[in-house]
Structure formats: structure tokens, C-alpha cells
Amino acid sequence: MSDTSTSPAAPVPTDFIREFVAADLATGRHRKIVTRFPPEPNGYLHIGHAKSICLNFGIGLENTGRCNLRMDDTNPAKEEVEYVDSIIADVHWLIDGWADGVLGLKLRGEGSATGTTDGELAAHHPAAVLPADAAGRALEPFFASDYFPQLHAFAVRLIRLGKAYVCDLSAEEMERYRGSPDRPAMDSPFRERTVAESLDLFARMTAGEYADGARTLRAKIDMASPNIWLRDPVLYRIRKIDHHQTGNRWCVYPMYDFAHCLSDYIEGVTHSICTLEFEVHRPLYDWILCNLDLPDPLPHQYEFARLSLGYTLMSKRKLLQLVTEKIVNGWSDPRLPTLSGLRRRGVTPQAIRDFAYNIGVTKHNALTDVAVLEKAIRDDLNRIAQRRLAVLRPLKVVLTNLGPDEVVECSATNNPEDPAAGTRKILLTREVYIETEDFLEVPPPKYFRLRPGGEVRLKYACIIRCDEVIKDAEGRVIELRCFADLTTRMGAENSGKKVKGTIHWVSVPQSVRAEVRLYDRLFTAAEPERDGRDFKTVLNPHSLEVLEAHLEGSLAEAVPEVRYQFERLGYFCVDPDSRPGALVLNRTIPLKDAWAKETAKG
RNA sequence: UGGCCGAUGGUGUAACGGUAGCACAGGCGACUUUGACUCGCCUAGUCAUGGUUCGAAUCCAUGUCGGCCAGCCA
């Protein structure tokens with residue numbers, strides 16, 4: 001089995017759903033496992049979807065099965081091709097190199113063939129093609145809309161069986177008739193309509209004879225059921241609007257409950273995994289499949305708890321609001337938990353997969369600490385990111401014993417976690433920048449950076465001593481004059497000399513300027529909507545800070561999506577906003593900072 | 001006064017009638033040319049009450065708390 005595994009030491013994950021899968025394999029109920037990831041293309045994917053993707057593709061991968069990507073596009077009013085495209089890109093980004101081998105797609109353009117509407121099963125549905133079998137042919141996701149002809153045929157069959165009827169109740173009337181969880185329902189006056197009449201009416205609905213909302217097709221189940229979803233749920237509604245895949249071909253569209261179970265069935269899905277709120281829909285899922293008298297094996301639905309992460313919002317509706325109200329800059333704003341936002345921020349797919357593995361899969365709602373995500377991000381970046389020196393808030397230091405044009409060559413380790421990454425040259429000059437916070441005139445106890453008369457090591461270079469502090473008219477420190485002890489350079493006679501602090505720096509003439517964007521959590525509260533509060537009351541006004549930083553010269557040719565660790569500062573990656581000579585970097589996440597924690601203690 | 005689902009350290013999870021374990025967070029220490037990484041140690045838990053059992057986080061009952069369900073959304 002391919003193993004660019006989720007976590008270095010990770011055994012195969014286990015959870016209650018995987019136990020069902022294993023049991024079904026053991027009993028011979030299924031020989032091949034097929035799952036699916038079925039987003040509605042009405043928004044961008046976020047890290048909550050990533051949890052589902054990792055579960056569904058993980059199960060496919062672990063069992064040499066398959067996981068189909070399917071657009072659950074049964075409501076043209078809310079869906080757009082922009083979302084279809086972003087979903088495809090995000091899924092690939094997240095699974096490539098891991099589970100892309102079990103990604104089930106179909107041949108482009110296949111499946112939207114005509115079907116019958118006379119109650120007979122359409123003969124064909126698109127076959128799932130794995131990348132290994134594509135032979136260079138273009139593939140695309142499955143679409144629930146591909147099955148509209150078959151779905152329609154199934155609906156007709158249900159009417160013929162006396163298990164569905166056309167209802168003329170308005171939406172308001174239907175709401176009244178339905179009752180409520182603790183109040184009984186009333187039968188629709190159209191419930192006992194003859195099969196022939198329903199058949200005729202449904203055909204005319206399909207032909208476009210009636211206005212939106214005028215009639216619906218309903219399942220005839222049990223109006224006395226304590227489960228609302230069994231009180232004759234709507235199966236089809238009239239919607240005279242264009243669909244992003246099927247154009248104006250249809251004016252009746254199936255509801256989620258009708259389309260989903262049958263789409264699963266059509267694709268040969270064995271385990272249909274969704275989130276907890278669909279638990280109450282499961283009896284309906286089963287009812288539809290059973291009452292259509294479909295041959296086995298039938299798919300089964302399993303539910304797990306959706307992800308909720310501290311200090312962020314996960315619902316597509318709320319994310320859409322953040323985007324449309326321009327609280328953030330589009331769906332890929334690095335502060336958003338969208339996959340495109342995380343990608344732009346510099347988070348790796350591996351880190352997201354590790355995160356998904358670490359949080360597990362259960363049936364109870366939990367609030368996951370962002371620290372778990374941050375840990376996964378740092379762990380992966382620590383392994384792969386090359387180190388560079390950069391100064392965010394510069395303080396000029398003049399090394400008084402170096403000549404104006406003197407250049408001292410230093411060797412810097414690219415990645416201490418990966419010796420194969422090698423070394424690079426950096427140049428020490430008379431004028432350098434250090435981080436403003438690395439000098440304090442009157443330092444607190446345990447501060448071991450630079451102070452007047454004190455010593456500190458410039459990383460990869462040498463130890464310097466602060467001889468003089470230059471201030472401006474307001475008394476602010478604007479420059480330090482220091483002595484550079486070149487005998488403490490690597491390889492020199494005093495290279496072993498120890499000082500408490502080592503700080504980062506860049507050469508003034510050798511550095512490049514860049515815009516650096518620092519991100520913080522979008523909200524100041526772990527649960528932005530706690531107790532029904534408006535999330536806009538807890539927006540973090542400092543979630544984005546833009547600085548002009550000075551980077552080591554080797555970064556001049558940095559390209560988007562390459563990730564670096566700026567030593568002692570954090571992980572950064574180049575933003576696509578970058579232009580030649582005008583680099584823009586995003587800070588993915590700062591390094592852990594024990595000193596900041598120490599000082600915060602007061 | 002409905003139905004369904006759930007409850008294990010601060011947080012997320014494991015244990016499937018037989019030693020409550022792991023991770024994150026937190027604390028202390030070691031190492032360190034990143035106050036990073038790494039390593040060592042520590043803190044801290046079975047919602048409650050009954051019952052079954054030699055033995056219960058696990059099974060049963062009752063209660064408590066939490067989530068979901070009254071779209072022609074998914």
C-alpha cells in the first residue's frame with residue numbers, strides 16, 4: 001500500500017466508522033469499499049471538509065478501494081462553476097501524493113446522456129475511473145446532476161408503486177400540515193390522489209406547465225412519525241432556473257434526500273459518510289432505497305461529528321458573509337480556514353492530513369483547540385522549510401571595526417533537520433539590521449539579548465559587543481555601534497566562545513526589502529458565536545499586520561508557495577501578490593516563543 | 001408533555017467486562033550559534049445515583065447536561 005503516510009509514526013487510524021468497514025469486509029458484505037466526498041458547489045472547501053476528505057479517502061486508500069468526488073448539485077439556485085473549479089483544485093491539493101490513486105472520477109462529458117422518464121432504470125451511468133486507468137483521457141468529478149434522468153425515472157417508479165404523490169399544498173400550507181416535533185401532522189388533502197393523476201401531474205410539472213412552488217412530489221410515508229423527515233417529505237420541487245451543468249433542460253429538481261441515497265447507489269458507494277446533523281435523515285435514506293426495490297448491495301449511511309475549531313468559523317454561510325462583506329479579502333484570505341486560504345498562508349497539505357489524523361473521528365461534538373492545528377503545521381514545516389535570516393522591525397547596527405566595503409563571508413545551515421539541504425553563503429558587512437526587540441537599554445532579569453556593554457552572537461557570524469547607543473531627539477534608540485569580534489567566527493580560534501544570546505540579522509547593503517503580512521486569529525473569542533452573539537462583535541482588529549521587512553539577499557528570487565523558516569521568527573511563504581522586485585510574504589505561523597510567554601507572565 | 005444521538009484530565013481522543021493509555025495545552029529541567037527543534041520528568045480524567053458482576057469507563061435503569069430535527073437548502 002502506498003505510504004506517504006499521514007503521520008510519520010502513525011499506525012493505520014482507527015475509529016468507529018473504520019470498524020464498520022472492517023466488519024463489512026470480514027463478513028463478506030462488501031468485497032470492495034467505495035466511499036465518496038460529495039460537496040455542494042455553493043462555496044469553497046474548508047478545513048472541516050478536509051476532515052471528511054481525509055476520512056473518506058483514507059478509508060478508500062486503506063482498503064484498496066475508491067473514493068468518488070461528486071458535486072452534490074441539486075439546487076441550481078445556490079451553485080456556481082467557480083465553486084466546482086475551486087473544489088476540484090482543493091481536493092487535488094489536499095490528497096495528491098497521498099490518496100490521489102483512489103480518487104474516483106469519470107471521463108469528461110460522460111454521464112449526462114439521456115435517460116428515460118417512464119419509470120424504467122436508465123441503462124448507463126458513468127463508470128468510475130481511477131487515475132491509473134485514465135490513460136491520458138480527461139477526467140472530471142461525478143455530478144448528482146448527471147443522474148437527473150435516472151433520478152426522475154426512480155421518482156416515476158415510486159409514484160407507480162403508490163409510494164409518492166403530487167401535492168398541491170403551498171409551502172406555507174405544507175409547513176402547517178407538517179406539525180412540529182411534538183405536535184401531530186395532518187395528511188395532505190392530495191395524499192390519496194390516484195397513481196394515474198400523480199403520474200400525469202408529475203409529467204406536466206416536468207414539462208414546465210406549472211409555476212415555481214405550485215406543486216411538489218412527495219413521498220407517502222408516515223405523517224404520524226415522530227421523525228419529521230418521514231412526514232411525507234418533498235422529493236421534487238419546481239425551479240425554473242438554469243443549472244450550471246444542465247442548463248435549462250430541467251425545471252424540476254430532486255431534493256437532497258432523494259438524490260443523495262440514489263446517487264450513492266448509482267455509483268456503487270458502500271459507505272456513505274456524512275456529518276451528525278443527517279442522523280435523523282438516515283431512516284429516509286433507507287426508506288427510499290428499500291421502497292424502490294433495488295437489488296443489493298445497498299449503500300449505508302454513517303455519521304460523524306463535524307469539526308469545530310477554536311477562534312474560527314466553519315459554516316459556508318458565515319464564510320460567505322465574511323467574503324461578501326469584505327471583512328476578509330476573498331475566499332483565499334490567509335486568515336480563513338478555507339483550504340485555499342490555508343494554502344495561500346503556507347500551510348502544507350501534509351500538515352492538514354496530520355491534523356485530521358490527530359483529532360480522530362467520533363460521534364460527539366467537540367471544540368478542537370487551534371493549538372492542535374498549529375502543532376501539526378509547525379511539525380511539518382520544521383521538517384521541510386529551509387532557514388533564512390530576515391528582520392521584521394529593523395534597528396541599525398554599525399560594526400565599527402569593519403571597513404565600509406569590508407565583506408565577511410559566513411556559512412549558514414539551510415535546515416538543521418535535514419543535512420542534505422546543505423549550506424549557503426551570507427555576507428556580514430559594516431552595517432547590519434537586527435530586530436528592534438533584540439536590544440533593550442534596561443533589560444529585565446533573564447533577558448539575554450543585546451544590552452549596552454553586553455555581548456550577543458550574530459547567528460552564523462560572530463559575537464558583537466554594544467559600545468554605544470545612538471538616540472534621536474525624542475530619545476528613541478536609532479542606532480547601535482558595536483565591536484565585532486571576528487575571532488569568534490565559525491572555524492576561528494575563539495569560535496567556541498559562549499554567550500547567552502544568539503540573534504538574527506541581515507546586512508544592510510546585501511538585503512532585499514519585502515512586504516510581510518502577519519496574521520493573527522480572526523476572532524478574539526474561541527467560540528465567536530457563543531450564545532447566539534454576532535461574530536462581528538468579536539472580530540480581532542489586529543488579525544492582519546503589514547510590515548516592510550529586510551530579507552537576506554538570497555531571498556530575492558523566491559517564488560510563490562515555497563516555504564521558509566525565518567530564524568527565530570516563524571514560517572513564511574511567498575504570496576502570489578508578489579511581483580518582480582516586489583516580494584510579498586505571508587507569515588504562516590510564528591515559532592513557539594518561550595521568552596514571550598515568560599514576559600507575558602509579568 | 002415528541003423522537004434520535006452523545007457524555008473519559010483544561011482540550012482532543014484510546015481502552016470493545018479484567019493495569020484508565022496517547023496527543024495537544026500547561027509546569028520543571030537538559031541540550032542548543034534559532035528562548036526553535038529534540039530529550040527527560042511532572043500536573044490532571046471515566047456526568048450523577050442506583051443495579052448486574054468475583055470484577056464496570058464499558059452492561060442495565062433512572063436522572064442531569066449537551067447536540068440534532070418543524071426548508072419546496074444541503
Side-chain angles (χ1 to χ4, degrees), chain A residues 14-16 19 38-40 42 72-75 77-79 167 169-171 174-176 178-185 212-218 225-231 233-239 253 255-257 259-260 274-283 303 305 310 316-317 358-376 378-379 382-383 387 389 412-413 416-417 446-449 457-463 488 490 495-504 526 565-570 590-598:
Chain A
T14 179
D15 53 65
F16 73 99
E19 283 172 9
E40 183 188 14
N42 68 343
D72 208 0
D73 57 347
T74 57
N75 182 4
K78 292 190 170 181
E79 298 152 7
C167 180
L169 252 24
S170 70
M174 201 182 293
E175 185 184 338
R176 208 151 20 84
R178 181 168 36 233
S180 64
D182 55 353
R183 224 179 47 236
D212 284 17
R215 292 183 220 267
T216 56
L217 179 71
R218 292 227 257 167
S225 173
N227 184 339
I228 301 280
W229 292 102
L230 261 20
R231 317 240 270 221
V234 171
L235 264 22
Y236 265 88
R237 76 290 217 186
I238 302 170
R239 278 278 179 288
Y253 291 96
M255 296 286 289
Y256 164 84
D257 287 294
H260 204 92
C274 60
T275 44
L276 246 29
E277 64 269 27
F278 292 101
E279 228 164 356
V280 288
H281 293 240
R282 191 179 348 130
E303 310 87 12
K316 276 197 218 168
R317 219 191 99 233
N358 287 136
I359 59 175
V361 177
T362 64
K363 255 183 110 103
H364 51 269
N365 297 299
L367 180 64
T368 298
D369 193 332
V370 272
V372 181
L373 209 213
E374 293 172 345
K375 164 78 174 160
R378 289 197 183 100
D379 278 356
N382 178 50
R383 275 191 294 268
R387 313 289 124 123
L389 297 183
T413 305
E417 306 290 321
K446 289 195 276 187
Y447 182 85
F448 46 75
R449 278 109 99 145
R457 181 179 284 279
L458 294 185
K459 181 137 199 196
Y460 303 124
C462 63
I463 293 173
T488 60
M490 207 177 297
S495 69
K497 179 175 174 183
K498 301 286 181 200
V499 284
K500 203 72 171 117
T502 299
I503 63 174
H504 58 278
Q565 182 198 100
F566 290 171
E567 300 214 32
R568 302 211 306 137
L569 294 174
L591 254 26
K592 281 215 297 200
D593 188 346
W595 173 243
K597 200 187 284 179
E598 178 74 26

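Computed from a predicted structure; not experimentally measured. Throughout, a chain's letter reflects where its sequence line sits, starting with A, and its residues are numbered from 1.
To the nearest whole angstrom, the two C1' atoms, one in G35(B) and one in A30(B), are 14 Å apart. Nucleotides U11(B) and A44(B) have their P atoms positioned 16 Å apart, rounded to a whole Å. Distance check on atom C1': G51(B) versus C41(B) gives 42 Å, rounded to whole Å. A distance of about 33 Å separates the P atoms of G40(B) and A7(B), rounded to the whole Å. When the C1' atom is compared between A61(B) and U53(B), the two are found 16 Å apart, to the nearest whole Å. One P atom belongs to G3(B), the other to G9(B), and the distance between them is 29 Å to the nearest Å. Rounded to a whole angstrom, the distance from the P atom of A48(B) to that of U8(B) is 11 Å. Across the P atoms, U43(B) and U58(B) are found 26 Å apart, a figure rounded to whole Å.
Among the atoms of the strands shown, only primed sugar atoms or phosphate atoms (P, OP1, OP2) are found under 4.0 Å from some heavy atom of T362(A). Residue L169(A) is classed as a base contact, given a heavy-atom separation below 4.0 Å to a base. Looking at heavy-atom distances under 4.0 Å, L591(A) makes contact with a base. In this structure, G213(A) reaches the bases: a heavy-atom distance under 4.0 Å links it to at least one base atom across the strands shown. R387(A) comes within 4.0 angstrom of a base, heavy atoms only. Counting any heavy atom pair closer than 4.0 Å across all strands shown, K78(A) reaches a base atom. At the heavy-atom level, H504(A) lies nowhere under 4.0 Å from the strands shown. K316(A) comes within contact range of no nucleotide atom at all, as no heavy-atom separation falls under 4.0 Å. Using a 4.0 Å heavy-atom distance criterion, A366(A) is classed as a sugar-phosphate-only contact. Within 4.0 Å (heavy atoms only), F448(A) reaches at least one base atom of the nucleic acid. Within the nucleic acid shown, E175(A) comes within 4.0 Å of sugar-phosphate atoms alone, with no base atom in reach, counting heavy atoms only. Residue K459(A) is classed as a base contact, given a heavy-atom separation below 4.0 Å to a base. Residue S225(A) is classed as having no contact, given no heavy-atom separation below 4.0 Å to the nucleic acid. Contact annotation for P184(A): no contact, since no heavy-atom pair falls under 4.0 Å across all strands.
No donor-acceptor pair under 3.5 Å is formed between the side chain of R387(A) and the backbone N or O of E567(A).
For the atom pair OG1 (T502(A)) and CZ (R568(A)), the distance works out to 8.0 Å, reported to the nearest 0.5 Å. Once rounded to the nearest 0.5 Å, the distance linking CZ of R317(A) with NZ of K78(A) reads 9.0 Å.
Side-chain contact between R218(A) and M174(A) is present, with heavy atoms from C-beta onward closer than 4.5 Å. In this structure the side chain of N358(A) never reaches within 4.5 angstrom of the side chain of K375(A), judged on heavy atoms.
Between H260(A) and Y256(A), the two ring planes are tilted [angle within 30° to 60°].
Base-pair partner of A30(B): U38(B) (Watson-Crick or G-U wobble, both distances under 3.5 Å). When Watson-Crick and G-U wobble pairs are counted only if both distances are under 3.5 Å, U62(B) pairs with A48(B). Remark: U1(B) base-pairs with no nucleotide; criterion is Watson-Crick or G-U wobble with both hydrogen-bond distances under 3.5 Å. Within the shown strands, nothing qualifies as a pairing partner of C16(B) under the Watson-Crick or G-U definition with both distances less than 3.5 Å. Pairing partner, U53(B): none, since no Watson-Crick or wobble contact has both distances short of 3.5 Å. Judged by Watson-Crick or G-U wobble contacts below 3.5 Å, the nucleotide C73(B) has no partner.
Here the shortest heavy-atom pairing between D72(A) and P38(A) reads CB-O, 3.5 Å.
Of the residues near RNA chain B, P38(A) and H364(A), the one whose nearest nucleotide (by heavy atom distance) lies more toward the 5' end is H364(A). The residue among F278(A) and S495(A) whose nearest nucleotide of RNA chain B is located toward the 5' end is S495(A).
Protein chain A contacts RNA chain B from G2(B) to A74(B), reading 5' to 3' and using non-hydrogen atoms of the protein with a distance under 4.0 Å.
Base orientation at G71(B) is syn, since its O4'-C1' glycosidic dihedral falls within 90° of 0.
In this structure, the side chain to side chain contact (heavy atoms under 4.5 Å, CB included) partners of T368(A), at least two apart in sequence or on a different chain, are L307(A), L309(A), F355(A), I359(A), V372(A).
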(request) Determine, stepwise, if the pair E279(A) / K363(A) fulfils salt bridge (charged side-chain N to carboxylate O under 4.0 Å, His left out). (result) CA-CA 10 Å; E279(A) 228 164 356; K363(A) 255 183 110 103; 3.1 Å; yes
(request) May I have the step-by-step check of side chain to side chain contact (heavy atoms under 4.5 Å, CB included) for L569(A) and L591(A), ending in yes or no? (result) CA-CA 6 Å; L569(A) 294 174; L591(A) 254 26; 6.0 Å; no
